[in-house]
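Here is the structure we will look at, set down as structure tokens.
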Number of protein chains: 4
Amino acid sequence: MDTTTGPKSDPDQELSRSQRRRRNDIVEAALKVFDRDGYEAAKMIDIAKEAEVAKGTLYLYFENKSVLLEGVIQTAILPALEQIGGAAKVHTGSAQELLEHHIRIIAARQASPEMKMLIRLMISAPEQHAQLIRFFHGHVVQEGLELIRSTLRTGVESGEFRPDVADMDPLVLVGSHVYAPVWHNLFQDEGPLDIDRLVEDNLKMVMSGLLVRS
Amino acid sequence: MDTTTGPKSDPDQELSRSQRRRRNDIVEAALKVFDRDGYEAAKMIDIAKEAEVAKGTLYLYFENKSVLLEGVIQTAILPALEQIGGAAKVHTGSAQELLEHHIRIIAARQASPEMKMLIRLMISAPEQHAQLIRFFHGHVVQEGLELIRSTLRTGVESGEFRPDVADMDPLVLVGSHVYAPVWHNLFQDEGPLDIDRLVEDNLKMVMSGLLVRS
Amino acid sequence: MDTTTGPKSDPDQELSRSQRRRRNDIVEAALKVFDRDGYEAAKMIDIAKEAEVAKGTLYLYFENKSVLLEGVIQTAILPALEQIGGAAKVHTGSAQELLEHHIRIIAARQASPEMKMLIRLMISAPEQHAQLIRFFHGHVVQEGLELIRSTLRTGVESGEFRPDVADMDPLVLVGSHVYAPVWHNLFQDEGPLDIDRLVEDNLKMVMSGLLVRS
Amino acid sequence: MDTTTGPKSDPDQELSRSQRRRRNDIVEAALKVFDRDGYEAAKMIDIAKEAEVAKGTLYLYFENKSVLLEGVIQTAILPALEQIGGAAKVHTGSAQELLEHHIRIIAARQASPEMKMLIRLMISAPEQHAQLIRFFHGHVVQEGLELIRSTLRTGVESGEFRPDVADMDPLVLVGSHVYAPVWHNLFQDEGPLDIDRLVEDNLKMVMSGLLVRS
DNA sequence: GATGAATGAGGGTTCATTCAT
DNA sequence: GATGAATGAACCCTCATTCAT
């Protein structure tokens, strides 16, 4: 006989439909409150109210505040980022086309509200999120940069790109895009970032630079 | 003028030499602790210990924790940023040289530890730092971008730059540099950012793009 | 009689066979957990798990935690004590033999695990167990002491015991035995109590004292 | 400059007069509340009110509830017990006199309110007080029993006591006295224990037993 | 001015109890 | 009847702030 108490007992699979919904409500409420107040200042009672459950209910689904944050990241943030990036691998074409594709993907990924919040959480309390940061660095940042890097090399090999760009730091190609979540966090009130225009301008510069051709 | 009240009464003028020193000790201690722990997690007692004063003394110089943070920003962070940027205005030369100069200045400014901390503080609690963010946006970000923008126009007018870069979003020219403080906050443990190489690669790309010239 | 209500309605009579079994499982589980953790620290969920029922089921049989404790005492503890003492009344013989018999009975009774637990529960929360304590005092302690007292008088009357022991406090005859449950609660880890030897030594002393006979 | 915060920083020596008084107030308040409610049920806020300080003040003097308990034991309970026992070592005389002296000392020690509370605390939560119990067993119980044991041997050697009492378990000589704190915890409402009479009766029995001398 | 002991509001967490299924 | 998810009162502890010395 299963006499375990709550949904916490089997964290991954065996939640009933209504429990999954409840868990999701909590995650979304937490996402909202963490996003609004930051992790430290966020109050469990506010998350509970936002999710329309009692305070104790939060602890049926998440061991404590820190685990709830992990849940938010695992359930709401990382999947959202991966979805965006999913298409990156199925493209073919010239190195220039490929590079353009990658840059567009990366820019789109950075523009998501999840990325905005992820950046905020990680910067707010890096010590407490060391694991998350390592994961993010390895699986989002480095992976994205590596995509650029390999495309640069492909382009050099194919003769499309100048030889000296083979070991260019990929960050210079996407710096303005990875900065987008920071902009969103800080300057949304001062005026939005025109992502599309940024992408086009970035591509223009990346491909041709600024100088007139002699 | 009333001189019977404490050092708080007139923040700029009426401090004795020793009071100014004391105030400075506190600001530096606060800078260190805010940087290490973040604003929310920073404890007043730790700042007091770091400054080698009693807890109550903090409140003789700063009304409360939030005001202390403002003091840190006004006293230690913003001046440091302006110092770096100070040289920006005294340059002459070709548009290309000028642009290179500005980019180098901006990159250097972003690399400073003060910028790292400023970004962290603002992102951690944007609501509480709305004023600061507005100031930062107006006097650091927009000013820097405007510098780039006007140089782009100058270069177009002088025929150095292609005509279509006149309206280019300046952020694409310095995105990887303004991202540096974020990188420092998050990924210092995973490996440093080679700022110098980033600048050179950035300049290379900015000027010439990646494509081989036909 | 109303039979629509649950098993709680009439604690003695109207339980089906399976309900009696269920009730017993709960009482035994509670006994174990109360004994292990103490009343305050004992968790209802642990008792439910131990009894292999759901938490809510506990409340079908016992109104609340306190009533459950009463149930444990009434159902499991007191009967066990009376069983041991049951034989006390059927003895005849010399006062010395009778006294020896009573002391052995009392010693055995005190050595039981139920007594250990009863003492712990009563001492942990005397205010909440005032009724139980009164019952225990009246029906176990005083009854036992009275048995000793009357035997002392019998022995004095019969000339077996010295006259001045007629109104001796009976506790001095069994103090080391009634202390046994305390010892078990506190010092079991430091080494067991040799009850049999204690009884023999006690009897030796009780009968003859320590002094050599002149 | 000493910028440490509170009196906790140097737990043993350097408390000012008023701090010592404050600490003592808290210990006494805690003693009272622990005694009244038991450790688990005792509330920090009640202790604070009893000591007429704010809740936070408790934590200036004691790290947490558990440490406060240790403080109560170290400061109020153990010294009280040792005071009573202090005289035990300075006695000389016949073995009989010595034994009587020791028994009186032990009886007096057990009768103290501190002992009552100590027993309650240890029995209520033995797992959490394992260290205290070991200390108590080693330094109070065994030491007391050893005193009896060695006196018995002395008496046997001197010919005062019968030879067969040399290995007698000392607990049988003082069982009714060490039971006293248990009695006080449980049965104070049902009638007090007449300690003096208990001691006299105990001595009478210990020396001469009950039987008439042939 | 400087100190640091004292304050007490506030937050995270636990767990006895309830009640819809 | 049986279940266990949900509830929310209660409690420990922290720490920004105050104020008597």
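Numbered from 1 within each chain, the chains take letters A, B, ... in sequence-line order.
Note on B:Y61: every side-chain N or O is 4.0 Å or more away from OP1 and OP2 of E:dG1. Distances shown here put a side-chain N or O of C:R22 below 4.0 Å from the OP1 or OP2 atom of F:dT3.
Put simply, CD1 on D:I26 is 10 Å from C1' on E:dA6, counting in whole angstrom units. In this entry the distance linking NZ of B:K49 with P of E:dT3 reads 15 Å, nearest Å. The distance from atom CZ of B:R23 to atom P of E:dA2 is 14 Å, rounded to the nearest whole Å. One atom, CG of A:L60, and another, C1' of F:dG8, lie 12 Å apart when rounded to the nearest Å. For the pair A:D37 CG and E:dG11 P, the computed distance is 11 Å after rounding to whole Å. Atom C1' of nucleotide E:dG1 and atom CZ of B:R17 are separated by 18 Å, given to the nearest angstrom. Look at CG on A:L58: it is 11 Å from C1' on E:dG12, rounded to the nearest Å. Between the CG atom of C:L69 and the P atom of E:dA16 there is a distance of 13 Å, rounded to whole Å.
The base-pairing partner of F:dT18, taking Watson-Crick or G-U wobble contacts with both distances under 3.5 Å, is E:dA5. Taking a pair to require two hydrogen-bonding distances under 3.5 Å in either a Watson-Crick or a G-U wobble arrangement, E:dG12 pairs with F:dC11.
Of all non-hydrogen atoms in C:M44 and C:N64, the two that sit nearest each other are CE-C, 4.5 Å. Residue B:D25 comes nearest to B:A51 through the heavy atom pair O-CB, 3.8 Å, listed as atom of the first residue, atom of the second, then distance.
In this structure the side chain of C:L132 reaches within 4.5 angstrom of the side chain of C:L118, judged on heavy atoms. Residues D:L69 and D:K65 fail the side-chain proximity criterion, which asks for heavy atoms closer than 4.5 Å. B:Y61 is not listed as a side-chain neighbour of B:V27, based on a closest heavy-atom distance of 4.5 Å or more.
A tilted orientation is assigned to the rings of B:F34 and B:Y39, their planes being inclined by 30° to 60°.
Atom CD of D:E52 sits in a sparse spot, with 12 or fewer heavy atoms from other residues, nucleotides or ligands closer than 6.0 Å.
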Report each atom pair, protein N/O against N/O of nucleotides 13-17 of chain F, whose distance is under 3.5 angstrom.
unit_1: F:dC13; atom_1: OP2; unit_2: D:Y59; atom_2: OH; d: 3.1
unit_1: F:dC13; atom_1: OP2; unit_2: D:K65; atom_2: N; d: 3.1
unit_1: F:dC13; atom_1: N4; unit_2: D:K55; atom_2: NZ; d: 2.3
unit_1: F:dA16; atom_1: OP1; unit_2: B:A42; atom_2: O; d: 3.2
unit_1: F:dA16; atom_1: OP2; unit_2: B:M44; atom_2: N; d: 2.9
unit_1: F:dT17; atom_1: OP2; unit_2: B:Y59; atom_2: OH; d: 3.2
unit_1: F:dT17; atom_1: OP2; unit_2: B:K65; atom_2: N; d: 3.0
unit_1: F:dT17; atom_1: O4; unit_2: B:K55; atom_2: NZ; d: 3.0

